[in-house]
Protein chains: 2
Amino acid sequence: MTDINEPVRTARTATGAAPKETAGIADEAQTADPALLDLAELLFFAYRDFTREPDKILDEFGFGRAHHRVLHFVNRRPGMRVADLLKILKITKQSLGRVLKQLIDEGFIVQEEGKLDRRERLLYPTDRGHELAARLAEPQLERVARALRASRRRGDAKIETFLYQMISEADRPHVERLLRTKLNMDHKQGEPQ
Amino acid sequence: MTDINEPVRTARTATGAAPKETAGIADEAQTADPALLDLAELLFFAYRDFTREPDKILDEFGFGRAHHRVLHFVNRRPGMRVADLLKILKITKQSLGRVLKQLIDEGFIVQEEGKLDRRERLLYPTDRGHELAARLAEPQLERVARALRASRRRGDAKIETFLYQMISEADRPHVERLLRTKLNMDHKQGEPQ
DNA sequence: AAAATAAGTCAACATGACTGACATAAATGA
DNA sequence: TCATTTATGTCAGTCATGTTGACTTATTTT
């Protein structure tokens with residue numbers, strides 16, 4: 001142990017001042033169920049690992065995560081308009097414009113003039129785009145499927161279990177240790193470590 | 001009903017009886033259960049909205065999401081070393097260094113020399129840091145709690161439901177519509193558009 | 001004919017990642 | 001003891017991706 005901090009209770013603000021329990025303010029967070037914060041952390045870890053494999057593949061193409069998102073949605077919903085993408089991604093037109101242009105220039109997406117409204121530019125994946133989208137999706141689907149299987153295997157239908165299983169296997173022991181070593185634990189149970 | 005995807009027939013048995021453990025490689029994504037891709041999309045939307053409120057608060061301080069992560073983990077596990085943070089965040093020392101320095105300079109975190117190993121710099125939140133961490137956590141905890149309540153209310157312990165409820169209420173109708181309108185659906189039913 | 005809408009563009013800037021090269025202090029071990 | 005390893009910090013440069021703000025063009029709507 002002592003991986004992070006030793007006796008959990010010794011946590012103080014290092015300003016010398018005693019912990020004082022209520023630093024006032026949003027005590028919501030302090031009195032809240034620690035399990036909620038655990039879930040928030042698990043979501044962070046799950047998402048952190050969820051994006052790793054695709055990111056690595058994208059690197060080969062000189063693309064980033066933004067390209068992945070655009071390609072994914074266009075691939076899954078061909079004929080989507082630029083405005084639709086903006087609403088989904090919640091980024092600015094300029095931000096989208098940059099990555100979309102690259103995807104078009106490099107032949108992963110094509111535009112087509114709308115038939116009903118010729119102002120619209122409908123987006124479609126090319127074969128190449130479809131292929132890359134599938135390749136990027138593969139590790140993510142595998143990960144989600146694995147996590148669902150593991151959740152069901154454990155019988156508990158807990159969100160916590162699913163998110164934990166979304167973490168890359170190699171990192172799970174680390175996260176597990178982390179979740180056992182934190183502040184606010186002693187509220188519920190005097191779990192020593 | 002049909003909070004997320006109503007024609008569940010689309011998704012053969014959510015993660016299906018036969019995901020078949022390591023199915024074919026490349027075409028995995030094409031033949032895979034569409035519900036898995038739905039989950040991937042829901043995770044994206046959930047995370048997108050999960051970070052919005054804190055991001056807005058951080059703006060007031062001239063901080064970004066990176067500061068939030070560092071402050072959160074230091075606050076919840078006081079006495080953490082720099083190396084611990086690096087392992088958690090999986091970023092480079094230089095990246096961490098920049099935001100950590102700002103948090104220290106502006107009085108949200110303090111360092112203390114390790115007693116056992118004087119090379120170590122143990123990190124602690126100041127009162128101010130603790131306060132900000134709590135304020136940042138509050139909307140996220142609220143969101144997670146809400147999603148859990150809604151999940152339980154619906155009785156189905158589905159991950160899908162939880163992630164869907166993690167989306168900001170105002171955006172849920174949009175996402176719901178999106179999830180009903182996508183490719184791979186016509187495998188089962190000829191939904192036109 | 002005027003106004004609104006969909007898309008695109010230019011420019012400038014901020015954040016937070018990255019690599020690579022080093023520096024310093026302290027602990028460890030041969 | 002001296003050499004090596006470890007923990008941390010720093011300088012410098014680059015890249016990806018987000019932001020504002022100001023405009024343009026084409027087309028549809030009013």
Side-chain angles (χ1 to χ4, degrees), chain A residues 2-4 44 47-48 51-52 54-72 74 79-106 109-124, chain B residues 44 47-48 51-52 54-72 74 79-106 109-123:
Chain A
T2 81
D3 228 344
I4 292 174
F44 163 73
Y47 201 79
R48 179 197 67 177
T51 53
R52 286 191 87 76
D55 281 355
K56 207 175 147 201
I57 298 170
L58 289 156
D59 249 9
E60 293 173 30
F61 295 82
F63 289 155
R65 205 175 292 177
H67 301 83
H68 184 186
R69 294 196 279 246
V70 171
L71 182 58
H72 166 84
V74 168
M80 184 169 261
R81 294 168 309 155
V82 167
D84 297 323
L85 271 176
L86 291 178
K87 195 172 175 189
I88 288 174
L89 303 176
K90 288 198 187 167
I91 58 177
T92 58
K93 195 173 30 162
Q94 295 90 325
S95 255
L96 173 57
R98 200 185 315 115
V99 299
L100 183 54
K101 189 176 186 308
Q102 290 175 297
L103 285 166
I104 291 169
D105 287 351
E106 306 193 31
I109 287 180
V110 286
Q111 292 177 307
E112 218 173 79
E113 198 172 70
K115 279 162 206 135
L116 282 144
D117 186 335
R118 285 168 44 230
R119 288 172 305 181
E120 293 176 350
R121 295 285 177 278
L122 308 186
L123 305 170
Y124 297 89
Chain B
F44 163 73
Y47 201 79
R48 179 197 67 176
T51 53
R52 286 190 88 77
D55 281 355
K56 207 175 146 202
I57 297 171
L58 289 157
D59 250 9
E60 294 174 29
F61 295 82
F63 289 155
R65 205 176 292 178
H67 300 85
H68 184 187
R69 294 196 278 247
V70 171
L71 182 58
H72 165 85
V74 168
M80 184 170 259
R81 296 168 308 157
V82 167
D84 297 321
L85 272 175
L86 291 177
K87 195 171 175 191
I88 288 174
L89 303 176
K90 287 196 185 167
I91 58 177
T92 57
K93 195 174 28 161
Q94 295 91 323
S95 261
L96 174 58
R98 198 187 324 112
V99 299
L100 184 54
K101 190 175 185 308
Q102 291 174 297
L103 286 167
I104 290 169
D105 287 351
E106 305 194 30
I109 287 179
V110 286
Q111 292 178 307
E112 219 173 78
E113 198 171 68
K115 278 163 206 134
L116 283 145
D117 186 334
R118 286 171 42 230
R119 287 173 305 181
E120 293 176 349
R121 295 285 176 277
L122 308 185
L123 305 170

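Proteins get letters first, then strands, A, B, ... in listed order; numbering begins at 1 in each. All values below were derived from every heavy atom in this structure, side-chain atoms included, with hydrogens, water molecules and symmetry-related copies excluded.
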From CZ of A/Arg48 across to P of C/dG16 the rounded distance in Å is 18 Å
Below 4.0 angstrom, which residues in residues 97-106 of chain B have at least one non-hydrogen atom near DNA chain C? B/Arg98
Applying side chain to side chain contact (heavy atoms under 4.5 Å, CB included), name anything that partners A/Ile91, two or more places apart in sequence or on another chain. A/Leu89, A/Ser95, A/Leu96
Could you please spell out the steps behind the side-chain contact (heavy atoms from CB on, under 4.5 Å) verdict for B/His68 and B/Thr51? CA-CA 10 Å; B/His68 184 187; B/Thr51 53; over 6 Å; no
Contact pattern, 5' to 3', of nucleotides 25-30 of chain D - B, S or - by protein heavy atom under 4.0 Å: -BBS--
Can you tell me the distance, in whole Å, between the NE2 atom of A/His68 and the C1' atom of D/dA16? 16 Å
To the nearest Å, give me how far apart CG (B/Leu96) and P (C/dC18) are. 10 Å
Is there a residue in residues 60-67 of chain A whose heavy atoms reach under 4.0 Å of DNA chain D, and which residues are they? A/Gly64, A/Arg65, A/Ala66, A/His67
Applying side chain to side chain contact (heavy atoms under 4.5 Å, CB included) to A/Gln94 and not counting sequence neighbours gives A/Thr92
Rounded to whole angstroms, how far apart are NZ on A/Lys87 and P on C/dA7? 13 Å
Distance in angstrom units between B/Ile109 CD1 and D/dG9 P, rounded: 11 Å
What N/O pairs connect the protein and nucleotides 21-24 of chain D at under 3.5 Å? Give each pair on its own line.
unit_1 : atom_1 : unit_2  : atom_2 : d
D/dG21 : N7     : A/Gln94 : NE2    : 3.4
D/dG21 : O6     : A/Gln94 : NE2    : 2.7

